[in-house]
Amino acid sequence: MGMTITEKILARGAGLKEVEPGQLINAKLDLIMGNDITTALAAEELEKIGIKKVFNKDRVVVVLDHFTPNKDVDSAEQCKIVRQFAREQGLSEFYEAGNVGIEHLVLLENGIVVPGDIVVGGDSHTCMYGAIGAFSTGVGSTDMAAAMITGELWFKVPETMKFVYTGKLQPWVGGKDLILYTIGQIGVDGALYMAMEFTGDTIDSLPMQGRFSMANMAIEAGAKSGIFAPDKTTEQYVKGRAKRKYEFYASDADAQYKEVVEIDVCGIEPQVAFPSLPSNTRNISEVGDVPIDQCAIGFCTNGTIEDLREAASVLKGRRVHSNVRLLIFPGTQEIYRQAMKEGLLEVFLDSGGVISCPTCGPCLGGHMGLLAKGERAIATSNRNFVGRMGHPESEVYLSNPAIAAASAVLGRIGSPVELGLKA
Amino acid sequence: MICKGRAWKFGKDINTDVILPTKYMNLRESKELAKHCLENQNPQFAKEAKEGDIIVADKNFGCGSSREHAPISIKGKGIGCVIARSFARIFYRSAFNIGLPILESGAAVDGIEDGHELEVDLATGEIKNRTTGESFNATPIPAFMQEIIDDGGLMGHIKKKLKT
Ligand code: SF4
């Protein structure tokens, strides 16, 4: 019987010829990732049972991105614990301050994660590396600790749900809209425990940035992972970056799927997820009058240079509405630098925006732009849960960068088309 | 092990941001985290829930972020077990890993109201509603997961494995 791309990668990690959904396996891990919050707990677990060394200092990656630059004294202490841990362990991949970025983009940009890898991370959006054809999934800190000690972890081989996207995308519609639309269709537990496999002719021509957004948000449908079969676009992205040898896997023609969902993209408009779940989506034409106080662009979902270009193309020569605070969060220092070279930072400054260093900041309600009671934000992040960006009675609406930028100018949620822009 | 206590009922898709808000993630001690457990969802819970009480929730409990602070805060609160129609997967793994008992049963969720008195046999998965007299059976725990529980969580399990 044929296997899916996910089953093939897991079989390789488990040292088996084949695996099937539901099977419990022990898989060797290629990479383990953690941030300031999750690594602090994991490091304590190691200490508790008296383990001195991680299994391989080159395969444990730590990025201090959530509450950094240290948001308060408690966070400073937490980062200190993690920094000390990284130094004691002699981790070769440790990122903070001058070389930091949002963890997932750091791993992708620097070729630390490569196609065919099996990766776990102490962060739910670790599923993002499926964009380049890796199996990756989020775990809690105890799983992370176990993985750091042994270099392996048990998994239940997930069933796969296949999504086939066909047709040409409308103007201002990208990967973010496709995934929001999909989650809107299947719900926040629509792919619970499963692997989502994204395919179809629309996907064949979807740029890497769009794949990033889609794989990133697989968890928002409850999935264990989200994956794209590597192709020419993948090859272009990883060559020159990959720090290790990589392997492209693909699903067999006779692979078994739990379900196949076919989506014709021709009629899909830019999507906006209303509070307080990513599945609460509407077409941009059906949003109505929703005034906003803040617009936050960037984060792991939409913090690449392509995302910043898209936002800048809308903001160029325009001013942000006087009621709106526009905040920009480039994904990494490298993206920041590139945005500077291309003059994008100037466009943001001219429009009245504020540019932050790369950090998770307000995406998870940490710092650098929280909302007061009753305030409303549009953001290019991936979660709009109750209180996600601040006060429990504040609201977050999710969209792509172009819609967010246009909304910042309009003072309410709207589209670049209303500003007379064509894609 | 038997746990007895009051049911605290919650709806569907209760996410980890709601279970333990981000602003407390610079804390690590379970008793400290417990003070803020579910405070945005039901402020009474963090104040009044007692040792042994039971959380009963609808589908997809624990969705969202991977923060282990969420199950740790529930355990720190002294909650005997969590019963839900279904759990999100990272939460499911983490709960077992830290030794927080969780049970899946849709029928129990339908047959239990907030404030009902419950008695749960964690070994057999039998859930008794002492207020209504009804009984329910939770989906049995896979043998492999039971082994982790018996070893006192994943770290205990690993320690044992490293010794042998
Ligand atoms: S940017 Fe937001 S979603 Fe992404 S890793 Fe940071 S907190 Fe998580």
Side-chain angles (χ1 to χ4, degrees), chain A residues 24 36-38 40-42 44-46 48-51 66-67 71-78 81 121-126 137-146 149-150 154 156 158 187-189 192-193 219-220 222-224 276-277 279 364-366 370 383 385-388 390 392, chain B residues 12-19 21-30 32-33 39-41 43 58-72 85-99 142-145 147-148 153-162:
Chain A
L24 284 170
D36 40 327
I37 295 172
T38 53
L41 287 182
E44 282 179 353
E45 289 300 324
L46 256 67
K48 263 191 231 159
I49 66 165
I51 298 287
H66 274 57
F67 288 166
K71 93 176 171 87
D72 53 22
V73 175
D74 284 332
S75 318
E77 298 290 349
Q78 184 156 276
I81 293 174
D123 189 281
S124 58
H125 294 104
T126 301
T137 191
V139 293
S141 294
T142 304
D143 266 327
M144 194 190 148
I149 296 167
T150 61
W154 67 270
K156 192 153 131 194
V188 287
D189 63 349
L192 196 64
Y193 300 124
I219 176 74
E220 307 311 331
K224 175 180 266 177
S276 302
L277 287 176
S279 56
L364 79 161
L370 300 201
R383 284 193 178 132
F385 298 157
V386 171
R388 176 77 178 175
Chain B
K12 63 177 182 180
D13 304 322
I14 297 291
N15 65 73
T16 51
D17 274 73
V18 160
I19 299 171
T22 301
K23 61 179 172 189
Y24 306 116
M25 281 205 298
N26 48 16
L27 305 172
R28 289 180 304 282
E29 219 278 301
S30 70
E32 282 302 309
L33 291 167
E39 70 178 17
N40 288 347
Q41 190 70 26
D58 212 305
K59 69 184 178 98
N60 205 21
F61 186 80
C63 62
S65 131
S66 67
R67 61 187 70 172
E68 214 159 284
H69 309 66
I72 291 174
R85 196 179 301 279
S86 62
F87 291 89
R89 65 161 285 280
I90 301 177
F91 185 94
Y92 185 84
R93 283 184 81 113
S94 293
F96 277 101
N97 287 346
I98 65 164
F144 168 71
M145 305 289 269
E147 210 181 302
I148 293 180
L154 186 62
M155 279 301 142
H157 184 66
I158 294 231
K159 212 169 155 182
K160 199 173 95 180
K161 266 197 0 200
L162 290 178

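With chain A as the partner, the residue from Thr22(B), Leu27(B), Asn40(B), Leu154(B) showing the most heavy-atom pairs under 4.5 Å is Thr22(B). Interface check for chain B: of the options Ile51(A), Asp123(A), Val386(A), the most heavy-atom pairs under 4.5 Å are formed by Asp123(A). Heavy-atom pairs under 4.5 Å with chain A were tallied for Val18(B), Thr16(B), Asp13(B), Ile98(B); the largest tally goes to Asp13(B). When each of Lys159(B), Met155(B), Arg93(B) is checked for heavy-atom pairs under 4.5 Å with chain A, Arg93(B) comes out on top. Options Gly121(A), Gly366(A), Gly140(A) differ in how many heavy-atom pairs under 4.5 Å they form with chain B, and the most are formed by Gly140(A). Note: Trp154(A) leads Phe67(A), Tyr193(A), Trp154(A) in heavy-atom pairs under 4.5 Å with chain B. In terms of heavy-atom pairs under 4.5 Å with chain A, the best-connected choice from Ser65(B), Pro21(B), Ser94(B), Ser86(B) is Ser65(B).
Between Arg383(A) and Ile219(A) the shortest side-chain heavy-atom distance falls below 4.5 Å. Side-chain contact between Val188(A) and Glu220(A): absent, with no pair of heavy atoms (C-beta onward) separated by less than 4.5 Å. Asp36(A) places none of its side-chain heavy atoms less than 4.5 Å from the side chain of Ser75(A).
Contact annotation for Lys59(B): only side-chain heavy atoms (C-beta onward) come within less than 4.5 Å of a heavy atom of chain A. Heavy atoms of Leu364(A) lying under 4.5 Å from chain B belong to its backbone as well as its side chain. Heavy atoms of Ser141(A) lying under 4.5 Å from chain B belong to its backbone as well as its side chain. For Glu44(A), the part lying near chain B is the side chain, with the backbone staying farther off; criterion is any non-hydrogen pair under 4.5 Å. With a threshold of 4.5 angstrom between heavy atoms, Leu24(A) approaches chain B through side-chain atoms but not through N, CA, C or O. There is no contact between Lys156(A) and chain B, counting heavy-atom distances below 4.5 Å. Contacts between Ile14(B) and chain A at a heavy-atom distance below 4.5 Å are absent for every atom of the residue. Heavy atoms of Ile149(A) lying under 4.5 Å from chain B belong exclusively to its side chain. In this structure, chain B has a heavy atom under 4.5 Å from the side chain of Leu277(A), while its backbone stays farther away.
Counting only N and O atoms by type, the side chains of Thr137(A) and Arg89(B) include a donor and acceptor under 3.5 Å apart. Between the side chains of His66(A) and Gln78(A), no donor N or O sits under 3.5 Å from an acceptor N or O. No side-chain N or O of Glu68(B) forms a donor-acceptor pair with one of Thr38(A) less than 3.5 Å apart.
Relative orientation of the Tyr92(B) and Phe87(B) rings is tilted, given thresholds of 30° and 60° on the angle between their planes.
Arg388(A) contributes no side-chain N or O that, together with a main-chain N or O of Gly365(A), makes up a donor-acceptor pair within less than 3.5 Å.
Exactly one of Arg67(B), Arg28(B), Met25(B) qualifies for a side chain to side chain contact (heavy atoms under 4.5 Å, CB included) with Leu41(A). That residue is Arg28(B).
A salt bridge does not link Asp189(A) with Lys12(B): every distance from a Lys NZ or Arg NE/NH1/NH2 to an Asp or Glu carboxylate oxygen is 4.0 Å or more.
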